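Inspection log for the structure reproduced underneath, given as structure tokens.
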Amino acid sequence: MAIPRIALDVHAHLAPIEPSRLLSIDGVRWDASQRKLDVDGHIVGIGALFSPESLIAWMDEQGIERAWVSIPPPLYRAHLPEEDARVWCRYVNDALADVCAKHDSRLSALIHLPLEHPELAHEIAAANTRETRYAAAAGGYDGTLSDDAYAPLWRVLDRQGAFVFLHPGHCCDTRLANFYLENLMGNPVETAVAASHLVFGGVAARHPKIRFCLAHGGGATAMLAGRYERGYRTARPGVDTSLPTPRTTLGRFYVDSIVHDPQALALSASVFGRDHVLFGSDWPFPMGLLTPHTQLADADPALAEAIRTENAHKLLDGLR
């Protein structure tokens with residue numbers, strides 16, 4: 001029996017390799033013989049990250065028609081000074097665009113925005129003449145997304161009607177160093193912190209044309225939605241009750257489907273809206289949905305079908 005088709009994967013990763021250009025970039029070394037990338041002493045050794053052909057072969061196996069591709073977290077390099085970050089972002093954005101252009105019927109690149117440098121992120125977005133789809137790290141740097149420094153960036157992205165995929169960056173909480181908790185707990189928390197500042201800081205309300213999409217089902221955000229609503233309705237200190245309610249604003253966000261639990265997926269759908277849950281795989285990382293038809297088998301059938309096709313088509317129609 002043929003497997004169901006999946007119209008779009010909004011959460012897939014590639015690490016673009018252009019050896020001659022990498023030679024001039026400090027802190028990064030490509031080992032062609034071992035097919036490994038050393039990024040600031042961290043070895044990126046998942047070979048599939050360097051192979052768009054492997055991604056497309058996997059998409060064919062799983063019936064996935066198109067993928068929106070972003071660089072993986074080891075390539076965020078949020079610690080770089082601004083000028084070095086400018087050089088690095090120029091490399092990853094141009095190289096990833098070149099990779100996807102060679103497979104343009106299947107792959108599209110998400111432009112990386114270095115949110116650790118708000119002025120540089122604004123510069124990249126303002127200069128962009130490509131399709132307005134971006135990826136950015138949710139956390140792993142000083143500052144929060146409600147800070148005034150980001151206002152010019154949000155205005156540009158709002159004018160563009162941009163799609164902005166927020167993926168957790170480095171978790172700075174040293175308590176999570178053991179048991180893989182930096183990923184298992186830290187990633188959902190970093191995403192929730194970013195989303196919370198966009199909600200309570202009024203960023204999402206003031207910029208209704210930006211389509212924010214949160215990785216991993218929104219992280220911990222859906223579980224916190226009721227608590228946030230209670231804090232708003234009881235006017236807790238620092239909560240601006242002139243803004244729309246948190247639940248109203250969260251209903252504008254998109255999330256991907258990577259939660260690994262049918263009840264958690266149903267909760268995400270109830271908070272963000274059934275039509276705002278998009279398929280994401282996190283390919284090629286093992287914490288993703290690498291066998292999506294099996295991993296989504298216990299989900300509500302109507303929700304699973306919406307995730308596979310209907311919601312992507314609505315999103316794409318709105319971006320045209």
Side-chain angles (χ1 to χ4, degrees), residues 9-13 68 70-76 78 110 112-116 118 121 133-147 150 153-154 157 162-173 175-176 180-201 203-204 207 210-229 246-247 249-261 263-273 276-283 285-289 307:
D9 182 352
V10 299
H11 184 173
H13 297 292
W68 288 355
S70 52
I71 61 172
L75 273 64
Y76 290 170
L110 299 183
H112 181 67
L113 294 176
L115 294 185
E116 64 275 12
R133 294 189 291 261
Y134 301 89
Y141 43 81
D142 292 334
T144 59
L145 299 186
S146 59
D147 292 347
Y150 291 99
L153 172 65
W154 304 137
L157 296 176
F163 176 90
V164 181
F165 179 62
L166 288 171
H167 189 290
H170 175 67
C171 175
C172 301
D173 190 334
R175 296 173 300 171
L176 306 185
Y180 203 57
L181 289 178
E182 182 170 316
N183 181 294
L184 300 179
M185 180 187 290
N187 277 7
V189 169
E190 291 293 341
T191 300
V193 170
S196 302
H197 277 271
L198 294 174
V199 170
F200 286 109
V203 175
H207 304 93
I210 301 176
R211 295 167 173 87
F212 289 107
C213 182
L214 308 174
H216 313 127
T221 312
M223 186 63 197
L224 293 168
R227 187 170 181 83
Y228 286 175
E229 192 75 4
R247 288 297 293 260
T249 303
L250 287 173
R252 286 194 44 247
F253 284 67
Y254 290 87
V255 296
D256 72 22
S257 55
I258 308 170
V259 294
H260 307 295
D261 182 277
Q263 284 76 34
L265 189 62
L267 178 61
S268 288
S270 73
V271 170
F272 301 104
H276 277 206
V277 184
L278 304 169
F279 176 74
S281 68
D282 210 356
W283 188 92
F285 291 98
M287 285 299 296
L289 299 183
I307 290 168

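For the single chain, residues carry numbers from 1 onward in sequence order. Predicted model only: the values in this text are computed from it and were never measured.
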### Query
Sub-3.5 Å donor-acceptor pair from the side chain of Glu190 to the main-chain atoms of Gly169, do we have one?
no

### Task
For the pair His216 and His167, name the ring-plane relationship: parallel under 30°, tilted 30 to 60°, perpendicular over 60°.
perpendicular

### Inter-residue atom distance Leu181.CG - Asn187.CG, 0.5 Å rounding
11.0 Å

## Note on the structure
Closest heavy-atom pair, Ala78 versus Gly140, reported as atoms and distance to 0.1 Å, is CB-O, 3.8 Å

### Query
Which is it for Leu289 and Asp282 under the side-chain contact (heavy atoms from CB on, under 4.5 Å) test, yes or no, and what are the steps along the way?
CA-CA 7 Å; Leu289 299 183; Asp282 210 356; over 6 Å; no

### Task
Examine distances only and state if a side-chain atom of Arg247 and a backbone atom of Phe272 form a donor-acceptor pair shorter than 3.5 Å.
no

### Task
List the steps, then state whether side-chain contact (heavy atoms from CB on, under 4.5 Å) holds for Leu267 with Val259.
CA-CA 10 Å; Leu267 178 61; Val259 294; over 6 Å; no

### Query
Where the side chain of Arg211 meets the backbone of Val164, is there a donor-acceptor pair that is under 3.5 Å apart?
no

### Task
Go through the steps to decide whether Thr144 and Tyr150 satisfy the test side-chain contact (heavy atoms from CB on, under 4.5 Å), and finish with yes or no.
CA-CA 9 Å; Thr144 59; Tyr150 291 99; over 6 Å; no

### Query
Got a second to check how far Leu166's CG is from Leu115's CG, nearest 0.5 Å?
7.0 Å

### Query
For the atom pair CG (Leu75) and NE2 (His112), what is the distance rounded to the nearest 0.5 Å?
9.0 Å

### Query
How far apart are the closest heavy atoms of Leu224 and Ala192, and which atoms are they?
CD1-CB, 4.3 Å

### Task
Could you tell me whether Phe165 and His11 have their ring centroids closer than 6.0 angstrom?
yes

### Query
Measuring from Leu110:CG to Arg133:CZ, what's the distance to the nearest 0.5 Å?
7.0 Å

### Query
Where do Tyr76 and His170 land on the ring-ring contact (aromatic ring centres under 6.0 Å, His included) test, with the steps shown first?
CA-CA 9 Å; Tyr76 290 170; His170 175 67; over 10 Å; no

### Query
Hey, mind stepping through Phe212 and Leu198 against side-chain contact (heavy atoms from CB on, under 4.5 Å) and telling me if it holds?
CA-CA 9 Å; Phe212 289 107; Leu198 294 174; 3.9 Å; yes

### Task
List in chain and number order the residues that pass ring pair (Phe, Tyr, Trp, His ring centres under 6.0 Å) with Phe163, two or more places apart in sequence or in another chain; answer none if no residue qualifies.
Trp68

### Query
Just how far is it from atom CE of Met185 to atom SG of Cys171, taken to the nearest 0.5 Å?
9.5 Å

### Query
Going by heavy atoms in the side chains, are Tyr254 and Leu214 under 4.5 Å from each other?
no

### Message
So which atom in Gly280 and which in Ser257 form the shortest heavy-atom distance, rounded to 0.1 Å?
### Response
N-OG, 3.2 Å

### Task
Answer yes or no: is there a donor N or O on one side and an acceptor on the other, between the side chain of Tyr180 and the main chain of Leu176, under 3.5 Å?
no

### Summary
The side-chain contact (heavy atoms from CB on, under 4.5 Å) partner of Phe279 among Asp256, Ile307, Ile258 is Ile307

### Task
Answer whether the closest heavy-atom distance between the side chains of Ser281 and Asp9 falls below 4.5 Å.
yes

### Query
Looking at side-chain heavy atoms only, is the closest gap between Cys213 and Val255 below 4.5 Å?
no

#### Entry: Nearest atoms (heavy-atom pairs only) where Ala225 meets Leu250
CB-CD1, 3.9 Å

### Query
Sequence neighbours excluded, which residues qualify as side-chain hydrogen bond (donor to acceptor under 3.5 Å, both in side chains) partners of His207?
none

### Query
Judged by atom type as modelled, is there a donor-acceptor pair below 3.5 Å linking the side chain of Thr249 to the main-chain atoms of Val199?
no

### Query
Between Pro168 and Thr191, what is the shortest heavy-atom contact and its length?
CD-OG1, 3.5 Å

### Pairwise distance CZ(Phe253) to OG1(Thr221) - rounded to 0.5 angstrom
8.0 Å

### Task
Dump the intermediate steps for ring-ring contact (aromatic ring centres under 6.0 Å, His included) on Tyr228 and Phe200, then the final yes or no.
CA-CA 9 Å; Tyr228 286 175; Phe200 286 109; 5.0 Å; yes

### Summary
Contacts of Ser70 meeting side-chain hydrogen bond (donor to acceptor under 3.5 Å, both in side chains) (sequence neighbours excluded), chain-then-number -> His13

